[in-house]
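Below is one structure, written out as C-alpha cells; the observations come after it.
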Amino acid sequence: MLLKRGIEMGSIKLSDAFVAETIANIKPHWGTLGWVTYKRTYARWNDAAGRTEEWHETVKRVIEGNINLDPRLQEGTASVADIDALQIEAEELFRAIYSLSATPSGRNLWISGTPYQEAHGDALNNCWFVAMRPQAYGESHIVPPYADKQEIMASMPFAFLFDQLMKGGGVGVSVTQKNVAQMPAVAQTVDAAIVINPEADAYEEARIAGADNATEIMVGDADVVTVPDTCEGWVLMTADLIDRHFRQDMKRAVVYDVSAIRAKGAKIKGFGGVASGPAPLIELIQDVNNLLNDTLGEHVSSVDCTDIANLIGKTVVSGGVRRSAEIALGDADDAAFVAMKQDKEKLYHHRWASNNSVFVTADDTAQYDDIAAAIAENGEPGVVNLDLLRNYGRLADCGQPGVVDDVEGTNPCGEISLANGEACNLFEVFPNVAMEQGFDPARIVALGARFAKRVTFSPYDWEISRQIINKNRRIGVSLSGIQDWVLTSFGAPVVTGWDGDTPIYNQELINEVDRLYQAVKEADAQYSATLHCNPSVKCTTVKPSGTVSKLTGVSEGMHFNYADHLIQRIRFQDTDPLLKALQAARYHIEPDVYSENTMVVEFPVKAASADYPGFKSAGEVSVAEQLANQAFLQKYWADNSVSCTITFQEDEKPLLAKMLRQYAPQIKSTSMLPYSGHGFAQAPKEPISAEDYAERSVSVFGDVQAVYEALHSEDKLMDLVDSSDCETGACPIK
C-alpha cells in the first residue's frame, strides 16, 4: 500500500513529533475553571497509560476520529493529493483546538475517535428531534422482533427518544395536536410483572424497587421477555410494553426478566461511567404501564406523550454519565399542555425532565398575553416560531419560502431547527481567543464547517436519520464568548443606541460577523462540491455553551456574563480524584445538600471582560437589550437559530408580552427565566463583590493542574454529576 509521510493511505494520523512541536509553541487558553472542567468532563481513561487523558491526547483522538470520516478515505478513493490536504487540515485543526480558539461539541470531545463512535455514529451528535406520531422503524439498529420493519408503530418515536438519550444526546419532541392525533386509542390494559433471579448481582436492589423473585412466579400463559444488559435491551423492552397497549395481537400478560442487568455501580466500558442498576427501569415499566392502563379506550394526549417522554428521561438520568435533555413542543392553544407543570406532584416526580415550549406566529398578537403571564409565573413556556424556522435562514437574507419545509421543531436548547429524525451537529469558535492566539477567526470557522460536515457521514443507527441527514447535511458553526469578544475587540456593545424602541447596531461588528458567515458558507460550498454531496441547508448558529465555554473562561454563547465577579459551584462525585487536588489547593469544598455522594466545590471567577468600559452583567441588562442582541445574531449570523435564555427582573414582568410581540418577527426561538441573583442553597452561580473575589482568590494555593500531577492520584471512574451545558441546565454535559 502506498505511504505518504509515513501515513497509510486512507488513515490520517497526527505524528508524535508534530504534537510535541505544537505543545512546545502553543499554550492552551485555559479559563479559571478550564483545566478542571476538562479533566472532570472530557478526559477519558487510557488503559495503556494507566491514567486519564491529557489535553493534547484528547485533541489528537478527536481530530483523528473526525478527519477519517471524510468519505473519500472511507471509500478508498482518496488520491495522494487528497490525503496531503487532509493531513494539513488535521494539523490546522489540532493547533486551533489545542489552543482553545475553537472546540467541537462536547459530544465530540468525549466520543470522537473511540470504538463507540465507530459502532454508533449517532453519539457524535449533540441532539435530535422526533415527532410523536406512529412511524416505521425501517432499517434501523433497533426493531422490535414482533414487527415488520416498515410497519407503522406507536412505540417508534419513544424508542428513538430513549435510544438517543441513552447515547448521551438530547431530544426534542413535537406533541402538537397534528401529531398526537395520529396515535391510536389504547386497545387493552397490560398485566406486567417484573422478575429477577435470586442469584443475580442486582437482586436486592431490584426487589426493593418492586421486582418479584423469578423462582416464585408462575408464568402460565404470559409472554416472557428477557431484558439484556444493553441500552438497546432497555429500549426494546419499553417499546414492547407500549406496543402491547395498542396491539391486540400481543398478549396482555407479560413477564419482564431483569436478571441480566448489572448491579448499580458496575463500570460501563463502551460509553463510559457506571451502571444505574435495574431499579430505574423497573420504575419506568411500572409508571408507563399505569399511565397507559388508565387511558384504556382513549387516544393518548399531548400531556400523555410528554409524560412518557419525561419518564424515559428520568430513567436515563439515573444511569452512568448519561444526562437527559428534552424539549417538548406543543400548541400555544393546548391549555392542558401549557399548564401541565402546575401539577407539582407530577412535576417533582418526572415532569422536570423537559423544558416545554409552544409554537407561535408573529401575527397572532393575542397569544402573547397568556404566554407572558405563564413565563412570569414559572419561566415557561418558551416560544418557537415555526414559520421562521421553515422559511428563513439569516433574517438579513430575507425570506426563502420552503427552504426547509420539512422542519418540525428544534433541539432542546433551541439553536437548531430540525426535521423528524434529524440531528444538530455543532462546532464552537471563540473569536477573541482565536485572535489572541494569532488566528484569523474566518479560517477557524471555515475549519469548523468542514469538521461538522464530516460528522454527517457518520454511520447513523436509524433509517429516518440517515435519510434526512443525507438530504440536509445540516451543520451548526457557533460563535461563543460573544459579549467578551465585542467589548475587547470592538470597544462598543452590540447595541450602540436606540431609535425609539428600535436598536441601533454596531456597524463594525455587523461587517465582521458577515465576513465570518460568508467564510462558513464558502467552506461548506467548496467541501460539498468536493465530496459530491448536498450543500448544508443551514450552517451557522449560537449555542448556549455552558460547559465548553468554561474551558476558555469566556462568556457563554451570546449570554452576558452572570456577574463581574462570582462564585461558580461545580459538583463532583465524592470519589473523584480531582477533589484531592482541589482540597490541597485550598478550594472550599462541602457536601451537596441535594444529592448523596456528591461534593460541591466553590471557584472564585472574574469575568474576562469585567474591566472593560461598557461591561454589563446579566443582572444589569434589560430584557429589551438582551432580545436586541439575540435579534442581531439571528439577522447577521445564524441561519439556524440563536439559543438564549433571556433573564428578567421582577419589575420587567409587565413588559414581557410587549417584548415578545415586538421581537416575534425577528427571533426564531427564545426562552425566559427570572434573574435570581442566586437565591437558593449552593446555587451554580452566585454574584460576589470584587473585594470578596480578591479575598477568596488569595486564599487559593497553587495551580490545580500542577497539584494534581504532583499527587499522581487517578481513578478509572470519573463520573459526572452536573448538567450545565445549557443556560437552563437542560442539556447533557457531554
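We're numbering straight along the sequence, starting at 1.
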CG-CD1 distance between D212 and I196, expressed to the nearest 0.5 angstrom: 11.0 Å

Whether over 12 other heavy atoms sit under 6.0 Å from D592 CG: yes

Distance, nearest 0.5 Å, that separates CG of L291 from OG1 of T295: 5.0 Å

Test item: Q342 side-chain N/O and V338 main-chain N/O as donor-acceptor pair under 3.5 Å: no

Side chains of N355 and E380 in contact at under 4.5 Å (non-hydrogen atoms): yes

Distance-only donor-acceptor check, side chains Y42 and T547, under 3.5 Å: no

Donor-acceptor pair, side chain of E232 and main chain of H141, under 3.5 angstrom: no

Q583, CD: over 12 other non-hydrogen atoms inside 6.0 angstrom: no

Under 3.5 Å donor-acceptor, N411 side chain and V171 backbone: no

Gap between atom CZ of F158 and atom CD1 of I308 - 0.5 Å precision: 4.5 Å

Flag for Q568-E602: side-chain donor and acceptor within less than 3.5 Å: no

P381 backbone acceptor or donor facing S357 side chain under 3.5 Å: no

M340 and D307: CA distance, side-chain angles, deciding distance, side chain to side chain contact (heavy atoms under 4.5 Å, CB included) verdict: CA-CA 9 Å; M340 65 182 292; D307 275 336; 3.7 Å; yes

Cation-pi check, R44 onto W110 ring (under 6.0 Å, within 45° of axis): yes

Residue from D223, T189, D191 passing side-chain hydrogen bond (donor to acceptor under 3.5 Å, both in side chains) with R244: D223

Closest non-hydrogen atom pair between T645 and M672, with its separation: CG2-C, 4.5 Å

Non-hydrogen side-chain atoms of M132 and T176 separated by less than 4.5 Å: no

Where E118 and P459 come nearest, the two heavy atoms and their spacing: O-CG, 3.9 Å

Exam field: side chain S301 to backbone D304, donor-acceptor pair closer than 3.5 Å: yes

V224 vs Y256 side-chain heavy atoms within contact, under 4.5 Å: no

Flag for N179-S174: side-chain donor and acceptor within less than 3.5 Å: yes

Heavy-atom donor-acceptor pair, T238 side chain to W234 backbone, under 3.5 Å: yes

4.5 Å side-chain heavy-atom contact, V317 and W352: yes

Backbone of G421 reached by a side-chain donor or acceptor of S465 within 3.5 Å: yes

Minimum side-chain heavy-atom gap R61-N108 below 4.5 Å: no

Check: S140/E463 side-chain N/O donor and acceptor closer than 3.5 Å: no

Whether over 12 other heavy atoms sit under 6.0 Å from K251 NZ: yes

Check: K264 side chain, E205 main-chain N or O, donor-acceptor pair, under 3.5 Å: no

Those residues that, when tested against Y38, pass ring pair (Phe, Tyr, Trp, His ring centres under 6.0 Å) (two or more places apart): W30, W55

Between N420 and Q135, a side-chain donor and acceptor under 3.5 Å: yes

Any side-chain donor near an acceptor of the partner, D287 and H350, under 3.5 Å: no

By side chain to side chain contact (heavy atoms under 4.5 Å, CB included) - contacts of P228 (at least two apart): T230

Side chain to side chain, M183 and P134, heavy atoms closer than 4.5 Å: yes

From CA spacing to verdict: side chain to side chain contact (heavy atoms under 4.5 Å, CB included), V300, V180: CA-CA 7 Å; V300 290; V180 299; 5.6 Å; no

Worked verdict on R351 versus E326 for salt bridge (Lys or Arg N to Asp or Glu O under 4.0 Å): CA-CA 10 Å; R351 288 181 177 172; E326 298 178 15; over 6 Å; no

Sequence neighbours excluded, every pair satisfying salt bridge (Lys or Arg N to Asp or Glu O under 4.0 Å) that has a member inside residues 148-161: E139-K149, E151-R247

Audit row: L292, D294, side chain to side chain contact (heavy atoms under 4.5 Å, CB included) steps and yes/no: CA-CA 5 Å; L292 291 174; D294 290 343; over 6 Å; no

D240-Y146 side chain donor-acceptor pair, cut-off 3.5 Å: no

Side-chain H-bond candidate by donor/acceptor type, T52 with K39, under 3.5 Å: yes

Heavy-atom pair with the smallest gap, counting every atom of D461 and A119: OD1-O, 3.8 Å

Point-to-point distance, once rounded to the nearest 0.5 Å, from CG of L578 to OG1 of T41: 9.0 Å

Distance, nearest 0.5 Å, that separates CD1 of I111 from NE2 of H120: 10.0 Å

Rounded distance (nearest 0.5 Å) linking atom CG of L418 with atom CH2 of W128: 9.5 Å

Distance-only polar pair, side chains of Y203 and N197, donor-acceptor under 3.5 Å: no

Backbone of A48 reached by a side-chain donor or acceptor of N46 within 3.5 Å: yes

Shortest non-hydrogen separation from L124 to S458 and the atoms involved: CD1-OG, 3.5 Å

Check: R133 side chain, K178 main-chain N or O, donor-acceptor pair, under 3.5 Å: no

Candidate pair F359 and V383, rule side chain to side chain contact (heavy atoms under 4.5 Å, CB included), full reasoning: CA-CA 6 Å; F359 290 115; V383 295; over 6 Å; no

Nearest non-hydrogen partners of N310 and A353, listed with the distance: O-CB, 3.6 Å

Heavy-atom side-chain contact between L284 and I312 under 4.5 Å: yes

Working for side-chain hydrogen bond (donor to acceptor under 3.5 Å, both in side chains), residues D257 and T226: CA-CA 5 Å; D257 187 342; T226 299; 4.7 Å; no

Minimum heavy-atom distance I261-D229, with the two atoms named: CA-OD1, 3.6 Å

Side-chain heavy atoms of R262 within contact of D201, under 4.5 Å: no

